[in-house]
Amino acid sequence: MRPVRFSLARVGLIAGNTVREAARQRLFNLFVVLALMLVLGARWFRDFSFGAPELRFLADCGFGAMAFFGSALTITATAQLFFSEIENRTALTLLAKPVWRAEFIVGKLVGVAGLTLLFCGLLTVLLAAVLWTREGALMQEFPDNFAQGRVVSYAMVAGAGAMQWLKLLILGALVLLVASFAQTQTFAIVTGFLVLVICHLQHLALAAYERSGSLFGMTASAAIAWMFPNFQVFAWADSLAAADFPGWGQVARVVSYGLGYVGLGTALAVFCFRKREI
Amino acid sequence: MATPGATEAPAKVPAVEIRGLVKDFAIGLRGVKLRAVDHLDLTVEAGQVFGLLGPNGSGKSTTVKLLLGLLEPTAGQCRVFGVSSLRVEARREVGYLPEAPYFYRHLSGRELVHFYARLCGESGTGLGKRIADVIALVGLAEAADRRVGTYSKGMLQRIGLAQALVHDPRLLILDEPTAGVDPVGSAEMAALIGRLKAQGKTILITSHLLGQIEDICDRVAILDRGRLMVEGAVADLVNRAGRQSLVVEEMPPGELAALRAWMEARGRKLLAVEPAGRRLEQVFLEQVGRGKGEGETRP
Amino acid sequence: MRSRAATLLIATGALAAGGFTLQTWVTPAWAVVRARQPALRLDSRAVAAGQGVTLALLGGFRALVADGTWIRMYTLWEQRDLPAVETLAHLVTVLDPRPVYFWLNSARILAYDFPAWRIEAAGGYDDVPAEVQRRVRHEQARAGLRFLASGREFHPQSPELWIEQANIELNRLVDLDAAAESYRRAWSLPGAPYYVARMHAECLRRAGRKAEALAWLVRLHPTLPVADDGAAAGLVLSRIRDLEKDLAVPPERADRPPP
């Protein structure tokens with residue numbers, strides 16, 4: 001009998017269907033609208049600013065919206081899209097076809113990746129447009145401050161947007177890993193938010209591990225430091241100047257680190273899902 | 001990839017072969033075992049319509065899931081056309097209609113069938129026609145471009161059957177295909193199964209509605225609490241050897257007595273005289289004008 | 001059949017092993033990121049776990065939330081809630097250490113407002129002994145200076161933080177030598193206003209270091225743009241003359257700038 005090999009075409013089909021399903025969900029649209037409102041409304045928030053340069057403040061709001069709503073979207077969408085297949089028993093029909101379970105998991109992740117790419121791409125473009133427009137106005141108003149031309153590097157804005165996306169992709173893979181063995185969607189979502197917090201604080205565990213004297217402290221902090229990725233590695237949004245570009249070597253290392261965690265999370269999700277009773 | 005049993009001549013390989021199948025589920029944190037399938041042996045020959053019957057909780061759906069590789073057996077094995085059901089390859093020749101199917105609501109009927117066809121590796125220029133054909137076969141041509149979310153229960157069953165058929169599998173597994181469907185829909189499904197049998201498909205149907213299955217199946221197996229209670233040809237199981245029924249117009253008592261005497265004179269015995277009944281389903285179908293053979297014309 | 005617990009155990013072990021490898025791989029990149037973002041060096045300042053979690057969840061919203069926290073701090077400032085104001089002042093700079101404004105104003109609150117609140121809470125200026133008042137003033141001034149020193153970790157090129165340091169040393173500690181040094185440091189940074197250079201000389205003069213003050217002003221004067229009123233070149237020349245007079249500098253050795 002002709003063997004059924006792992007097929008990227010089937011992965012693409014499952015991913016495409018996942019994106020279509022997610023894009024029609026109210027939750028996705030709600031997060032997009034809220035994030036867009038925040039980016040566009042940042043101009044009005046700046047009245048509360050105490051000394052942060054205006055463009056810096058606008059960028060903060062934009063990337064803040066991307067990180068906050070993007071994380072919420074990734075966690076809820078990943079868990080929901082996975083459990084809707086299980087609970088509505090569409091997974092039953094799908095996996096009764098000649099489809100590998102790995103194709104199902106990878107397809108779901110690629111779908112979430114597509115969804116978050118759409119989200120981050122949309123917000124990055126909008127944020128760049130807001131910054132460009134406002135920077136142009138400030139250049140007219142304060143020509144002395146822009147003697148060297150524009151101060152915002154839009155390549156840095158795009159890079160920071162890409163880093164946000166990579167971070168969300170890792171989060172998606174980890175939520176998918178949790179969902180692959182979790183019994184309920186609620187558990188997967190709550191754990192997803194916990195993972196998000198731990199990943200942001202992972203560097204503290206790393207520092208604690210490096211300094212810990214006790215065996216227990218070392219073991220506990222090592223477990224956290226090794227099991228969870230350090231999301232602060234992706235924090236590029238603090239600078240918008242081209243001079244602060246971290247260098248291609250640094251970029252390659254951070255990107256490969258992120259993709260490594262995506263691969264690890266996905267492989268383990270496949271491992272956990274392989275024998276799951278549908 | 002070497003497949004055990006694949007070298008055997010296809011004609012001799014049973015469509016389904018279940019040997020010593022056991023499935024236990026762990027219940028609760030203490031892991032108490034619940035046995036859903038208990039040492040089941042079953043063979044479905046190619047070309048048969050086979051009914052897997054039993055009350056709710058008898059292990060029918062679990063057996064089907066084991067057959068589709070959706071569950072892993074505790075012991076024993078299932079083979080589909082000689083291939084272990086744990087292998088993805090086993091599912092290439094299987095079309096599956098789940099019980100009370102629920103599909104992606106955002107897709108149209110045609111998109112849904114297209115999606116499953118592509119998953120089964122179907123592609124090329126003939127795919128569009130193939131999809132249109134199976135949709136027409138299940139009588140959904142006019143609703144093919146409507147979103148699945150707007151379909152009635154009966155329509156969901158039919159689009160489910162279309163997705164199960166689209167890759168032209170040799171074995172069809174229909175899990176409670178008439179559950180929750182009105183008698184008209186059930187009759188249409190029965191007619192469709194008859195046509196598929198005529199095409200040479202092997203069909204495995206599970207149901208707890210024994211009356212419906214009786215008319216469709218060649219063979220049946222009855223399960224209870226995961227165990228096989230009885231298995232055999234429908235005719236062998238329902239007919240009582242050495243007896244016949246005659247249906248005649250109502251006779252006055254005098255003529256009936258004469259008939260009884262006439263038979264006794266020939267050494268025969270009239271065992272029972274009772275009014276000839278009809279099934280309520282038959283009455284319903286006659287009243288709504290959709291007897292057998294008309295079902296597929298339903299818009 | 002493998003149990004669910006065994007699956008989870010294997011997955012956890014694999015995640016830790018894979019994570020360890022990736023952690024090792026990213027260490028050099030993390031060191032660079034950490035060096036570029038002082039906000040991540042939380043170990044240098046005592047940060048309560050709650051603050052850390054807040055920081056983690058905010059992501060890019062730091063500026064917005066820091067501004068909101070600052071407004072909240074003002075409300076508490078009006079109520080003279082000293083512990084709360086101090087906590088929030090620290091929190092604001094943890095949330096967003098980038099605006100100099102937060103460092104500057106927090107240091108002023110610590111150095112100028114807090115002593116007044118503490119003395120009034122202890123019975124008022126009339127009742128609290130002068131020595132106690134002096135001690136409180138000094139304690140708070142030093143707290144303000146520590147805050148400014150933390151701020152300089154994030155803003156090493158900011159003259160404002162050195163100017164504020166000098167002001168506190170001058171007005172609260174009455175340490176003229178220290179103030180002179182801080183004004184000098186402020187003047188060495190780009191963007192420092194001209195009066196800072198004059199304040200350096202003034203502190204030296206008042207500290208009795210008139211010769212140093214004169215030498216400083218003599219070096220400074222030729223660099224001042226005559227057309228800029230803020231530079232006050234005429235005023236600096238007049239100070240030079242005063243110091244030459246005080247120091248009895250002979251006319252032939254006196255500074256003679258070109259007309």
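- Of the possible donor and acceptor atoms, none in the side chain of B:E45 sits under 3.5 Å from a partner among the backbone N and O of B:P14.
- For B:D145 and B:S108, the side-chain atoms include no donor-acceptor pair closer than 3.5 Å.
- For A:F82 and A:F273, the ring centers are positioned less than 6.0 Å apart.
- Crowding of B:R227 atom CZ: a count of heavy atoms from other residues, nucleotides or ligands under 6.0 Å not exceeding 12.
- Put simply, of B:V88, B:L68, B:L67, B:L71, the one with the most heavy-atom pairs under 4.5 Å next to chain A is B:V88.
- Using a cut-off of 4.0 Å between Lys/Arg side-chain N and Asp/Glu carboxylate O, B:E99 and B:K60 are scored as not salt-bridged.
- Contacts between residues 111-130 of chain A and chain B, counted as heavy-atom pairs separated by less than 4.5 Å, involve no residue at all.
- Put simply, of B:P98, B:C120, B:G121, the one with the most heavy-atom pairs under 4.5 Å next to chain A is B:C120.
- Neither side chain, B:R91 nor B:S85, offers a donor N or O lying under 3.5 Å from an acceptor on the other.
- Contact annotation for B:A100: both backbone and side-chain heavy atoms come within less than 4.5 Å of a heavy atom of chain A.
- By number of non-hydrogen pairs under 4.5 angstrom with chain B, the leading residue of A:R89, A:R101, A:K97, A:E85 is A:K97.
- Within residues 11-31 of chain A, the residues having any heavy atom under 4.5 Å from a heavy atom of chain B are, by residue number, A:L13, A:I14, A:N17, A:R20, A:E21, A:R24.
- Using a 4.5 Å cut-off between heavy atoms, B:L107 contacts chain A through its side chain alone, with no backbone atom that close.
- Note: B:I203 CD1 to B:Q48 CD = 11.0 Å, rounded to the nearest 0.5 Å.
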Evaluate side-chain contact (heavy atoms from CB on, under 4.5 Å) for B:H167 paired with B:L119, printing each intermediate quantity in order. CA-CA 9 Å; B:H167 59 299; B:L119 278 182; over 6 Å; no
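- Proximity to chain A (any heavy atom under 4.5 Å) is shown, for B:E111, by neither the backbone nor the side chain.
- Taking CG of A:L73 as the start and CD of A:Q80 as the end, the distance is 10.0 Å to the nearest 0.5 Å.
- Expressed to the nearest 0.5 Å, how far OG1 of B:T202 lies from CG of B:L196 amounts to 11.0 Å.
- Checked against A:V262 for a side chain to side chain contact (heavy atoms under 4.5 Å, CB included), the options A:L176, A:L174, A:L171, A:L109 give a single hit: A:L109.
- Rounded to the nearest 0.5 angstrom, A:I105 CD1 and A:L268 CG are separated by 11.0 Å.
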